Amino acid sequence: MKPVIFQPYQNEPKKPLSAIQQEVLRLKKERNAVILAHNYVANEIQEVADFVGDSLGLSYSARDAKADVIVFCGVDFMAETAKILNPAKTVLMPDPASGCSLEESCPAAELAAFKKQYPGAKVVSYINCSGAVKALSDVICTSGNAVKIVEHFPKDEQIIFAPDRYLGSWVEEQTGRKMILWDGCCCAHASYNAETLKKLREELNAPIVCHPECQKSARDVCDCVCSTEKMIKWARENPSETIIVATVAQMIHRLRREVPNKTFVAAPPPNADRLSCRHMDKNTIEKLRDCLKNMSPQVSVDEEIAQKARAAIEKMLEWSK
Ligand code: 13P
């Protein structure tokens, strides 16, 4: 597949906001709402959001939101995390069917049974999991702070890391400690293969930045492995004028705005011209407008689950300061 090349943002004529984007901004004001958007959602949404960021930045923004309504443009576990951290707010989601393959790979009942095999082990769960799995965890992590969170435990502490085995193996490499890894993965990132990335790197003579949800063999041919937020600083500081990005391609919109003088190339997985997340793609500007108009769909979390999950998420926010 031919890769998609995005020329420097600074050379592009700026477009005015569309009628529907303006309607979203009007409704947002009317509802006293704040729009939080993950780096992986459509550019049209990123352009009207109050905060665009990674899972960690979005968790802080949700916890600290002062508006009456939080509209979360991302996937269900992110909106659920917002409701858990700021339960007095109304939390809306453009499409509640936007889930996550990692979340699906780790049902709470199976994790509860797994924990019984390792009495005394601490459970560190990647934020890409359900509220019920968070409630079974000692602490949560994101890709941006996973190393720091794991290193917070004494070296001899036994750790179960769920649900992403690839992020888990990357944390093992970074920390030099073995963990008990849950066997889940992100089906989008896991589709990258080393051969395609290596060939692209040679053809373009440009460095690659990838997300730690990629398989080890793919990560090993990349120049930097980091969370979506950290990609921005890395792209800015790297001397190359062209940067290849091996993660969900919508990330490039944020990168272009923040690093407007560089060319970004979306690294293609084997069977498509760019990597996409079918769940993130369910967020459309029309659904964003409609959820603000109808004040629905709203996110709710079982109170008992919320209480336990909140403790594990707040511990993460405290430890990653
Ligand atoms: P971050 O938000 O931590 O960069 O992770 C992105 C991601 O891949 C979520 O599935």
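Numbers for residues simply follow the sequence, beginning at 1. We count ligands from 1, going down the list as the structure has it; atoms in each ligand are counted the same way. Keep in mind that what you see is a predicted model, and the values were worked out from it rather than measured.
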Pair up each side-chain donor or acceptor in residues 41-59 with any protein partner under 3.5 Å, not counting sequence neighbours, and list the distances.
{"unit_1": "N43", "atom_1": "OD1", "unit_2": "R257", "atom_2": "NH1", "d": "2.9"}
{"unit_1": "N43", "atom_1": "ND2", "unit_2": "E47", "atom_2": "OE2", "d": "3.4"}
{"unit_1": "Q46", "atom_1": "OE1", "unit_2": "R257", "atom_2": "NH2", "d": "2.8"}
{"unit_1": "Q46", "atom_1": "NE2", "unit_2": "N39", "atom_2": "O", "d": "2.9"}
{"unit_1": "Q46", "atom_1": "NE2", "unit_2": "V41", "atom_2": "O", "d": "2.9"}
{"unit_1": "E47", "atom_1": "OE1", "unit_2": "Q21", "atom_2": "NE2", "d": "2.9"}
{"unit_1": "D50", "atom_1": "OD1", "unit_2": "K28", "atom_2": "NZ", "d": "2.7"}
{"unit_1": "D50", "atom_1": "OD2", "unit_2": "K28", "atom_2": "NZ", "d": "3.1"}
{"unit_1": "D50", "atom_1": "OD2", "unit_2": "I35", "atom_2": "N", "d": "2.7"}
{"unit_1": "D54", "atom_1": "OD1", "unit_2": "L56", "atom_2": "N", "d": "3.4"}
{"unit_1": "D54", "atom_1": "OD1", "unit_2": "G57", "atom_2": "N", "d": "2.8"}
{"unit_1": "S59", "atom_1": "OG", "unit_2": "S55", "atom_2": "O", "d": "2.7"}

> If every non-hydrogen atom of F264 is compared with every non-hydrogen atom of V259, which pair is closest and at what distance?
Replying inline: CE1-O, 3.6 Å
> Should R254 and E229 be marked as a salt bridge (Lys or Arg N to Asp or Glu O under 4.0 Å) after you check the CA-CA gap, both sets of side-chain angles, and the distance that decides it?
Replying inline: CA-CA 9 Å; R254 174 91 195 283; E229 198 61 34; 3.0 Å; yes
> Tell me, which pairs form a side chain to side chain donor-acceptor pair (under 3.5 Å) where one or both residues lie in residues 64-77, sequence neighbours left out?
Replying inline: N32-D68
Table please: side-chain donor-acceptor pairs of residues 100-123 below 3.5 Å, with sequence neighbours left out.
{"unit_1": "S101", "atom_1": "OG", "unit_2": "C187", "atom_2": "N", "d": "3.1"}
{"unit_1": "S105", "atom_1": "OG", "unit_2": "L102", "atom_2": "O", "d": "2.6"}
{"unit_1": "K115", "atom_1": "NZ", "unit_2": "L136", "atom_2": "O", "d": "2.8"}

> According to a 4.5 Å side-chain heavy-atom criterion applied to Ile, Leu, Val, Met, Phe, Trp and Tyr, with indirect links allowed, do Y9 and M231 form part of one hydrophobic cluster?
Replying inline: no
> Near ligand 1, which residues have a heavy atom under 4.0 Å away from one of its atoms?
Replying inline: H38, Y40, D54, S55, Y126, N128, S143, H189, H211, E213, S227, T228
